[in-house]
Protein chains: 2
Amino acid sequence: MPELDAIDRKILASLQADGRTTMQELADKVGLSVSPCHRRVKLLESRGVITRYTALVDQKAIGLHVSVFISIKLVRQKEEDLNRFARAISKWDEVLECYLMTGNRDYLLRVVAADLAAYEAFLKNKLTRLDGIASIESSFALSQVKYSIALPV
Amino acid sequence: MPELDAIDRKILASLQADGRTTMQELADKVGLSVSPCHRRVKLLESRGVITRYTALVDQKAIGLHVSVFISIKLVRQKEEDLNRFARAISKWDEVLECYLMTGNRDYLLRVVAADLAAYEAFLKNKLTRLDGIASIESSFALSQVKYSIALPV
DNA sequence: GTCTGCATTGGCAGATTATCCCAATCCTTC
DNA sequence: GAAGGATTGGGATAATCTGCCAATGCAGAC
């Protein structure tokens, strides 16, 4: 796997800032002409450095007013238990992020919902129905101070 | 502010899944012709429902191997203190997410770094140098089980 | 049931952009 | 200094965007 040079990093930074810049603009920014710039972008895509392109949607504008962080502890932590939990989580659209954690909690989830009633429904009908969960602890976010997609390159 | 109808929601779902679908593909998916579909997308952009477009980059591919969640408590929670903290956080690229929380912790941050040394440098040179912080507690993520940008529409 | 007015749609055409080929250039290695 | 490989830049074609305009659908009034 070849390393990323300075131009590649500029390309990544620009595309993270605006995933729809034209090749001409992008080429100008990174100091190349269109052709090699285009080829580098395609290469970054095929190498999996750029995984995909997406539109960011305003959470409040579509009525999702509740953000919750959930700490979860499993009864057992064997690989099979972890995989079963991961598979279940992956199916649910309300779960935006899930991390396997060090320390005394196994998982940390970020979940969004329209309101508290919808969140309660998620807990009752989905999360608490999973087998093998020892404890669930919800922390509510009052506001989103920062939300960035752009990794520092 | 007009409500989002079923077609708008389909458009949002499609653009979240692929921010670079062509208008033709998008129009086919939502059951419109290109013109009205294009107009709806522009409207969603100007109304701020679609905030921007971005390329998603693989964290490991660019050498960011450490993900940390940091719980922070401030000495005081007056609005001015909160604002000062928010401004500082916003400048740092390592901080991808920051939430003002309920309960006994004021803030929850998600931070990425190349390795533990880089994370230590972030703590020493940036975070701990802020005034007004009462406590900092780091929890490390062993793996990212799920990471989604797509809000359920 | 029919008419009117409004909002939305679909088709079309010019302008913009992506994409690929090929020759020229640069850099490394011998 | 020469040879080889990788990368670049320009240009041509195909694909796509984007705005205009007439046509369509729909709701309310009579």
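Applying the salt bridge (Lys or Arg N to Asp or Glu O under 4.0 Å) test to pairs two or more places apart or on separate chains, none has a residue in residues 141-153 of chain B. Within the structure, salt bridge (Lys or Arg N to Asp or Glu O under 4.0 Å) contacts touching residues 5-17 of chain B (residues at least two apart or in different chains) are Asp5(B)-Arg40(B), Asp8(B)-Arg40(B). The side chain to side chain donor-acceptor pair (under 3.5 Å) analysis of residues 79-91 of chain A, with sequence neighbours excluded, yields the pairs Arg76(A)-Asp81(A). Pairs of residues two or more places apart, or lying in two chains, that qualify as salt bridge (Lys or Arg N to Asp or Glu O under 4.0 Å) and include a residue from residues 120-134 of chain B are Glu94(B)-Lys126(B), Glu120(B)-Lys124(B). Pairs of residues two or more places apart, or lying in two chains, never qualify as salt bridge (Lys or Arg N to Asp or Glu O under 4.0 Å) while including a residue from residues 55-67 of chain B.
Contact check, Arg39(A) against dT8(D): a side-chain N or O comes under 4.0 Å of OP1 or OP2. Regarding contacts with the backbone of dT18(D), a side-chain N or O of His38(B) is found under 4.0 angstrom from either OP1 or OP2.
Mapping heavy-atom proximity under 4.0 Å, the span of DNA chain C touched by chain A runs 5' to 3' from dT17(C) to dC20(C).
The hydrophobic cluster containing Tyr99(B) also includes Leu56(A), Phe69(A), Tyr99(A), Met101(A), Leu108(A), Tyr147(A), Ile149(A), Leu56(B), Phe69(B), Met101(B), Leu108(B), Tyr147(B), Ile149(B), under a criterion of side-chain heavy atoms closer than 4.5 Å among ILVMFWY residues, counted directly or through chains of members. Chaining together hydrophobic side chains whose heavy atoms lie under 4.5 Å apart leaves Val75(B) on its own.
At a threshold of 4.0 angstrom between heavy atoms, the contacts of Arg20(A) with the nucleic acid are absent.
Rounding to whole angstrom units, CD1 of residue Ile11(A) and C1' of dT8(D) are separated by 13 Å. Atom pair Glu45(B):CD and dC17(D):P shows a separation of 12 Å (rounding to whole Å applied). Computed from coordinates, the Ile7(A) CD1 to dT7(D) P distance equals 11 Å when rounded to whole Å. Atom CG of Leu43(A) is separated from atom C1' of dA6(D) by 12 Å (rounded to the nearest Å). To the nearest angstrom, P of dA6(D) lies 15 Å from CZ of Arg40(A).
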Show the numbers, then the answer: is there a side-chain hydrogen bond (donor to acceptor under 3.5 Å, both in side chains) between Ser148(B) and Gln16(B)? CA-CA 10 Å; Ser148(B) 170; Gln16(B) 285 188 120; over 6 Å; no
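Each end of the helix from dG1(C)-dC30(D) to dC30(C)-dG1(D) yields a helix axis from five base pairs, and these two axes differ in direction by 30° (to the nearest 10 degrees).
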What donor-acceptor contacts under 3.5 angstrom involve side-chain atoms of residues 134-143 of chain A, with partners at least two apart or in another chain?
unit_1	atom_1	unit_2	atom_2	d
Glu137(A)	OE1	Arg105(A)	NH2	3.3
Ser138(A)	OG	Tyr119(A)	OH	2.6

Return a table of donor-acceptor pairs under 3.5 angstrom between the side chains of residues 24-32 of chain A and protein atoms on other chains or two or more places apart.
unit_1	atom_1	unit_2	atom_2	d
Gln24(A)	NE2	Asp28(A)	OD1	3.3

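Within the model, atoms CG of Leu151(B) and CG of Leu96(A) stand 5.5 Å from one another, a figure rounded to the nearest 0.5 Å.
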Atom pairs, N/O to N/O, protein against nucleotides 10-15 of chain D, distance under 3.5 Å?
unit_1	atom_1	unit_2	atom_2	d
dG10(D)	N7	Ser35(A)	OG	3.1
dG10(D)	O6	Ser35(A)	OG	2.3

